[in-house]
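The structure appears below as structure tokens.
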Number of protein chains: 2
Amino acid sequence: MLQDAVSPQSNSYRLGSPAPPAGAVRQRADNVSFSQQIAQTLDLIDAAVPLHRRMVRAGDCIYQAGERFGSLYVLNSGFFKIVNLNADGREQVTGLKFRGDWIGLDGIADGYHACDAIAMDTGEVWVIRYDAFLEAAVRAPALLRVLHAAMSCEIAHDRNALMSVCTLPADARVAEFLRHWVESLAKRGMRTDEITLRMTRAEIGNYLGMTLETVSRALSRLARDGVIAFVEKGRREVRIPDLQALAGFAQRYAAASLH
Amino acid sequence: MLQDAVSPQSNSYRLGSPAPPAGAVRQRADNVSFSQQIAQTLDLIDAAVPLHRRMVRAGDCIYQAGERFGSLYVLNSGFFKIVNLNADGREQVTGLKFRGDWIGLDGIADGYHACDAIAMDTGEVWVIRYDAFLEAAVRAPALLRVLHAAMSCEIAHDRNALMSVCTLPADARVAEFLRHWVESLAKRGMRTDEITLRMTRAEIGNYLGMTLETVSRALSRLARDGVIAFVEKGRREVRIPDLQALAGFAQRYAAASLH
DNA sequence: CGCCACTTTGAATTAGCTCAAATTCCGTGG
DNA sequence: CCACGGAATTTGAGCTAATTCAAAGTGGCG
């Protein structure tokens, strides 16, 4: 699928020995500490920035495309989806968000939000006036690093998503989606052996750039291979007996698509 | 292609009357003022932040995946590509950058860059130590807004890219790619009736999530339809007689893909 | 209990991919 | 200046992964 002719200097030697201890750092920090880190960050924000707490329920909209930007939002609990809309009527789920994530960042640049943010469950959102945040940040520069890290993460994540869509076949994309969802839960100290998909097949497909039928078939195949299992009664609950197997599945397909 | 069943509350009424003056704002600011705005921003940075100027030539690498993050980079001139790499060897062009753009933002979060940034032409890059920037920002908060705007833009742009890949057929994606390239040049006050593609078909295809053959065919079709024309001798120079026609082409396909 | 939304599965279709061959361009060296 | 060779591009011809269309199955909820 991919041509490796991207650039003369783009060879795999770069993935070899000299460079990235990044992975090592990530592994050292286990999920417990990830979860603690999120808690600490939330504490810091709570302590240093004036904020308004808002409870939301499934289906509630945090902000809508076209709305004037004024606030950033930090998610304290719940599950959220980001839905982008464009002028010609296309729409797409471009992100899924959890506790500790920031949303509304897309509105800073031109003063208007470019997407909808919708709750998929009950939860609590912290509303932070952007101006108030900037003032607070001058007094407590640590806040800046927190915000910048959040934006940086978002950028890195969006690029990974683009890469998945462009370089992985459908089955691997679905596997990767599940793997990433589980990873997100794990980092927040939540249960990961059994997960609840809070989206319909159509939404998942929209998010991953495929049709609902393809999602359904991919899930069926994953189940047939024993990589996942559906919990009795109801196809929104998925059991993941072996996370390694799931990761391996995605990996194997990724490798296959290289030649 | 897309199922509209993304969510109960996701209907097109939102695209109607009440909300977005965003478009109006964008139109009022014409390209001249865009160009001036970029110049002003660069002046502001130059005045308030300690920076190092670096000249680069085609093929030069600004930073590489795996490298320790320490600096942000502001592009003063030239053309650049962002190439993401991941552990299993897949690689993809995930961004194209011009004068006024910031790069290196992806490294803030975990302290390591996740991509390569490569010059596609001679140009000048301003290297800014992140720590130095934060210090300067406390004294001149306008700097913060500039950085945040850049990051916000990046996020919005990446999501649009994801949306293009997921919702547009190949021909429309290529047309959209050209349109966006031209728009970027226009905002910087550069020539737009004739543009030089600084990438091979393979690179364009990689960026757009399709093969080089598909890019070639799409360009041929665009040329056959008179939406673009190849300048004599050399298929890297493209003439765009009518930008509206190009935009219309992409638009038409987008609309078609909705039903 | 029955409706409705969601899901699954099958069969046919197709957009885009792969493979292959011909062509053009460009730099390099004679 | 021209000839040559390698890289990039174009175009054609099958092939395949994913889509579309269709029908049946399932579960949740009033």
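Note on naming: letters A, B, ... go to the chains in the order of the sequence lines (proteins, then strands), and numbering restarts at 1 for each one.
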Only one of A:Phe80, A:Tyr112, A:Tyr73 forms a ring-ring contact (aromatic ring centres under 6.0 Å, His included) with A:Tyr63, so which one is it? A:Tyr73
Starting from [atom2] on [N], measure out to [atom1] on [X] and report it in whole angstrom.
| X | N | atom1 | atom2 | result |
| --- | --- | --- | --- | --- |
| A:Leu168 | D:dA18 | CG | C1' | 15 Å |
| A:Leu212 | C:dT7 | CG | P | 8 Å |
| A:Arg198 | C:dC6 | CZ | C1' | 18 Å |
| A:Met210 | D:dT20 | CE | C1' | 16 Å |
| A:Leu197 | C:dA5 | CG | P | 21 Å |
| B:Leu219 | C:dT24 | CG | C1' | 16 Å |
| B:Ile228 | D:dT10 | CD1 | C1' | 13 Å |
| A:Glu213 | C:dA5 | CD | P | 17 Å |

Counting heavy atoms from C-beta on, name the nucleotide in C:dT8, D:dA8, D:dA18 closest to the side chain of A:Ser216. C:dT8
Between D:dT19, D:dG25, C:dC25, which one does the side chain of B:Arg235 approach most closely?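 Given the options D:dT19, D:dG25, C:dC25, the side chain of B:Arg235 is closest to C:dC25.
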Indicate whether any N or O donor in one side chain lies under 3.5 Å from an N or O acceptor in the other, for A:Thr196 and A:Arg236. no
Looking at [X], I'd like to know whether one of its side-chain N or O atoms comes within less than 4.0 Å of OP1 or OP2 on [N].
| X | N | value |
| --- | --- | --- |
| B:Arg236 | D:dT9 | yes |
| B:Ser220 | D:dT11 | yes |
| A:Arg201 | C:dC6 | no |
| B:Thr211 | C:dC17 | yes |
| A:Thr200 | C:dC6 | no |

Classify B:Arg217 by what it touches in the nucleic acid, base, sugar-phosphate, or nothing, heavy-atom distance under 4.0 Å. base
Under 3.5 Å, side chain of B:Arg239 to main-chain N/O of B:Ala229, donor-acceptor pair present?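 No.
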Is the shortest side-chain N to carboxylate O distance from A:Arg54 to A:Glu124 below 4.0 Å?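 The answer is no: the pair does not qualify as a salt bridge.
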Between A:Asp171 and B:Arg224, whichever has its closest DNA chain D nucleotide further toward 5' is B:Arg224
Evaluate whether atom CZ of A:Arg57 has more than 12 neighbouring non-hydrogen atoms of other residues, nucleotides or ligands under 6.0 angstrom away.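 Incorrect, the count does not exceed 12.
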